[in-house]
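Everything below concerns the one structure shown next.
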Amino acid sequence: MADVIVLRDGPHDGRTAPARDEVTRVFVPSEAPGMLDVYETDGEQEEHPDEGVRTVFRFVEMIPADPRFPEILHPIDLPD
């Protein structure tokens with residue numbers, strides 16, 4: 001079953017996304033080139049009037065993308 005998560009603290013504060021219930025760590029491309037922002041949950045939840053209960057993921061660290069996500073290290077120019 002999918003859950004709605006919300007990112008707290010860090011540069012992506014307030015963003016939401018669907019995730020499976022068993023997910024405890026989320027990697028988000030950072031504004032810093034070649035880096036990932038890491039968010040983790042301890043099971044904390046918050047109530048949202050429109051979306052119901054959301055699992056809170058808090059910013060814990062920033063890590064290099066390489067070698068897990070090499071495509072982030074080499075941006076591709078896409079046509080407009």
Side-chain angles (χ1 to χ4, degrees):
M1 182 173 161
D3 191 14
V4 175
I5 66 169
V6 61
L7 304 179
R8 290 289 178 221
D9 308 324
H12 303 284
D13 187 68
R15 290 182 61 188
T16 61
R20 294 180 182 254
D21 292 335
E22 60 270 11
V23 172
T24 59
R25 193 168 203 201
V26 175
F27 300 91
V28 182
S30 175
E31 293 177 5
M35 301 295 285
L36 296 171
D37 295 327
V38 182
Y39 291 80
E40 293 181 350
T41 187
D42 62 1
E44 176 186 356
Q45 295 187 325
E46 66 181 31
E47 185 72 32
H48 187 274
D50 297 327
E51 297 176 6
V53 176
R54 304 184 300 187
T55 302
V56 176
F57 281 70
R58 296 209 178 268
F59 178 77
V60 292
E61 65 179 329
M62 184 184 291
I63 62 171
D66 186 53
R68 282 168 270 210
F69 305 97
E71 63 275 8
I72 294 174
L73 297 175
H74 306 287
I76 299 171
D77 291 328
L78 299 175
D80 294 331

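Being a predicted model, the structure only gives us computed values, none of them experimental.
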Run the salt bridge (charged side-chain N to carboxylate O under 4.0 Å, His left out) test on Arg8 and Glu44 for me, step by step, so that the C-alpha distance in whole Å, both residues' side-chain angles and the decisive distance to 0.1 Å come before the verdict. CA-CA 11 Å; Arg8 290 289 178 221; Glu44 176 186 356; over 6 Å; no

Spatial distance of atom [atom1] ([X]) from atom [atom2] ([Y]) [nearest 0.5 Å]:
X	Y	atom1	atom2	answer
Leu7	Thr55	CG	OG1	11.5 Å
Met62	Phe27	CE	CZ	13.5 Å
Phe57	Asp9	CZ	CG	13.5 Å

Going only through I, L, V, M, F, W and Y residues with side-chain contacts under 4.5 Å, is there a path from Phe59 to Val28?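 Per the 4.5 Å side-chain linkage, Phe59 and Val28 are co-clustered.
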
Please find the pair of heavy atoms, one from [X] and one from [Y], that lie closest to each other, and give the distance.
X	Y	answer
Pro29	Asp37	O-OD2, 4.3 Å
Val38	Arg25	CG1-NE, 3.1 Å
Glu46	Val6	OE2-CG1, 3.5 Å

Would a 4.5 Å heavy-atom cut-off, applied to side chains only, mark Val4 and His48 as touching?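 They are not in side-chain contact.
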
Do Tyr39 and Ile5 have side-chain heavy atoms sitting under 4.5 Å apart?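 Sidechains of Ile5 and Tyr39: no contact.
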
Keeping Thr24 on the side-chain end and Thr41 on the backbone end, is there a donor-acceptor pair under 3.5 Å?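 Flag not set: sc Thr24 to bb Thr41 has no pair under 3.5 Å.
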
Does a sphere of radius 6.0 Å around CD in Glu31 hold more than 12 heavy atoms from other residues, nucleotides or ligands, not counting ones at 6.0 Å or beyond?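 At most 12 heavy atoms, drawn from other residues, nucleotides or ligands, come within 6.0 Å of this atom.
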
